[in-house]
Amino acid sequence: MMAFFIRFLAAFGGGVFGASIGALPSFILTGFVALSGAILSCAGIPGAEELLVDNLAFGPFLGPHVCFAGGVAASAYAKRIGKITNGADIALALNGIGDSRVLAVGGLFGMLGHLIFTIVNGIFALTPFYTDNPGCTVFLSALIVRLLFGERGLYSAPESRKFLSKGSSLTNTLLIAFAYSLVVSGIYVALALQGYSGQLGSYHIVIFGLAAIGLVFAEFGQAYFGWHHIGIISAEAVMCGYTCGMGGWAMILGILFGLLAAIIGDVEGNLMNTDVDSHIDPPATAIFLCTILISIIYVIFA
């Protein structure tokens with residue numbers, strides 16, 4: 001109980017940190033730490049994943065449910081009080097506007113994120129299934145932010161709202177999802193067939209970290225395709241399939257789930273994150289929903 005209380009208090013600092021440097025930059029830092037911990041874990045370093053991944057990258061400091069979510073909330077609040085013009089701007093470092101109220105909102109939502117994370121974890125602990133707790137929390141926290149600080153309604157603006165992208169936009173997304181899932185799944189299966197499956201328990205976090213770090217290019221204004229939802233879900237699916245005895249065929253499961261994650265992200269982005277005044281993260285939505293589906297497959301077939 002004392003450890004939870006200390007983490008709960010620490011999450012205020014994590015939320016302020018995310019708000020001060022910006023939600024997207026904070027998530028990039030999450031990627032760096034997650035990748036480091038996952039690589040060390042795959043290399044057999046004892047405690048690396050627990051220390052660096054569980055407690056730092058996904059804990060009350062850099063955890064997306066704390067740090068990123070705090071930045072998202074702070075941006076929406078800053079727009080609401082007239083300090084910035086775009087409340088959905090997750091790349092902006094809000095320290096620059098010089099308003100402590102905005103940073104404090106980030107801290108409070110960091111604490112809320114830690115609390116929601118704990119509740120979600122507790123609920124799924126009562127079932128044989130699981131989800132991505134940070135992703136689920138990021139989604140739920142963003143809904144609360146939209147309802148509290150948004151002025152345009154819960155969904156995308158009516159003139160911009162649609163279900164699924166069309167034309168080259170959709171085909172580009174599907175091709176990228178297929179190609180990225182193919183390489184993520186193919187590498188895992190190739191390594192597993194060579195006898196390395198026992199060293200690949202953190203493979204999905206390695207892929208997630210790589211994709212998250214790549215968002216630094218988006219921060220610099222490049223047309224980077226955010227693919228961490230595709231990467232981690234493809235990796236989790238192929239790992240699940242291989243564990244369930246599919247052998248090389250597990251690659252197909254990884255590709256299918258990578259495509260599903262991309263489609264869910266596209267739909268959520270169109271319905272809830274286009275022409276809006278706060279950010280509801282499409283990748284987080286795809287990650288937590290797809291993780292539930294993967295857990296169902298694991299429970300049935302493992």
Side-chain angles (χ1 to χ4, degrees), residues 24 27-28 30-32 34-35 38 53 57-58 64 68 90 130-136 138-139 142 163-166 168-191 200 202-219 222-242 246 249-274 279-298:
L24 183 59
F27 187 73
I28 293 168
T30 300
F32 275 107
L35 178 62
V53 178
F58 296 121
F68 179 83
I90 59 173
Y130 55 88
T131 188
D132 185 278
N133 296 331
C136 185
V138 165
F139 175 75
F163 184 72
L164 191 65
S165 296
K166 296 180 174 133
S168 60
S169 177
L170 178 60
T171 56
N172 190 63
T173 295
L174 293 178
L175 177 58
I176 287 178
F178 171 77
Y180 290 15
S181 300
L182 175 64
V183 69
V184 167
S185 302
I187 288 175
Y188 178 86
V189 168
L191 288 172
L200 296 175
S202 298
Y203 180 73
H204 59 305
I205 303 299
V206 171
I207 299 302
F208 171 85
L210 283 172
I213 291 170
L215 287 164
V216 70
F217 299 112
E219 187 73 19
Q222 297 299 308
Y224 180 80
F225 187 95
W227 62 283
H228 50 284
H229 56 311
I230 296 168
I232 191 172
I233 290 303
S234 176
E236 288 181 358
V238 72
M239 292 167 70
C240 173
Y242 198 86
M246 292 180 64
W249 294 103
M251 193 168 83
I252 295 178
L253 192 66
I255 293 171
L256 290 176
F257 265 92
L259 287 166
L260 177 62
I263 292 171
I264 292 175
D266 183 79
V267 170
E268 195 273 357
N270 287 326
L271 291 180
M272 305 188 76
N273 208 49
T274 303
H279 181 81
I280 298 180
D281 197 55
T285 306
I287 289 171
F288 94 81
L289 290 175
C290 288
T291 303
I292 295 174
L293 296 177
I294 292 171
S295 77
I296 293 173
I297 294 174
Y298 183 81

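All values below come from the heavy atoms of this structure, side chains included, with hydrogens, waters and symmetry mates left out.
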Drop me the distance from [X]'s [atom1] to [Y]'s [atom2], to the nearest 0.5 angstrom.
X	Y	atom1	atom2	value
N172	S165	CG	OG	10.5 Å
L253	I294	CG	CD1	7.0 Å
I187	L182	CD1	CG	9.5 Å
M239	I232	CE	CD1	9.5 Å
I213	L35	CD1	CG	4.5 Å
L271	I280	CG	CD1	10.5 Å

Determine the minimum heavy-atom distance between [X] and [Y], stating which atoms define it.
X	Y	value
I287	I233	O-CD1, 3.6 Å
A261	A286	O-CB, 3.4 Å
D132	G135	OD1-N, 2.6 Å
T274	G269	OG1-O, 2.7 Å
C290	I264	SG-CD1, 3.7 Å
L174	L259	O-CD2, 3.5 Å

(message) I'd like to know whether OH of Y298 has more than 12 heavy-atom contacts from other residues, nucleotides or ligands below 6.0 angstrom.
(response) no
(message) If the test is side-chain contact (heavy atoms from CB on, under 4.5 Å), which one of S234, P282, P283 qualifies with H229?
(response) P283
(message) Just to verify, what does Q222 make a side chain to side chain contact (heavy atoms under 4.5 Å, CB included) with, not counting sequence neighbours?
(response) F217
(message) Could you go through H228 and L215, starting from their C-alpha distance and side-chain angles, then the distance that decides it, and tell me whether this counts as side chain to side chain contact (heavy atoms under 4.5 Å, CB included)?
(response) CA-CA 9 Å; H228 50 284; L215 287 164; 4.0 Å; yes
(message) Taking the six-membered ring for Trp, are Y203 and Y242 closer than 6.0 Å centroid to centroid?
(response) no
Could you check if a side-chain atom of [X] sits within less than 4.5 angstrom of a side-chain atom of [Y], using non-hydrogen atoms only?
X	Y	result
T291	F288	no
F178	I255	yes
F58	T30	yes

(message) Looking at A262, is its backbone amide N or carbonyl O close enough to the side chain of D266 to form a donor-acceptor pair, meaning the two atoms are under 3.5 Å apart?
(response) no
(request) Apply side chain to side chain contact (heavy atoms under 4.5 Å, CB included) to L289 and F139, showing your working. (result) CA-CA 10 Å; L289 290 175; F139 175 75; over 6 Å; no
(request) Let me know which of F32, F27, W227 forms a ring pair (Phe, Tyr, Trp, His ring centres under 6.0 Å) with F208. (result) F27
(message) F257 vs V238, test: side chain to side chain contact (heavy atoms under 4.5 Å, CB included). Steps then yes/no.
(response) CA-CA 9 Å; F257 265 92; V238 72; over 6 Å; no
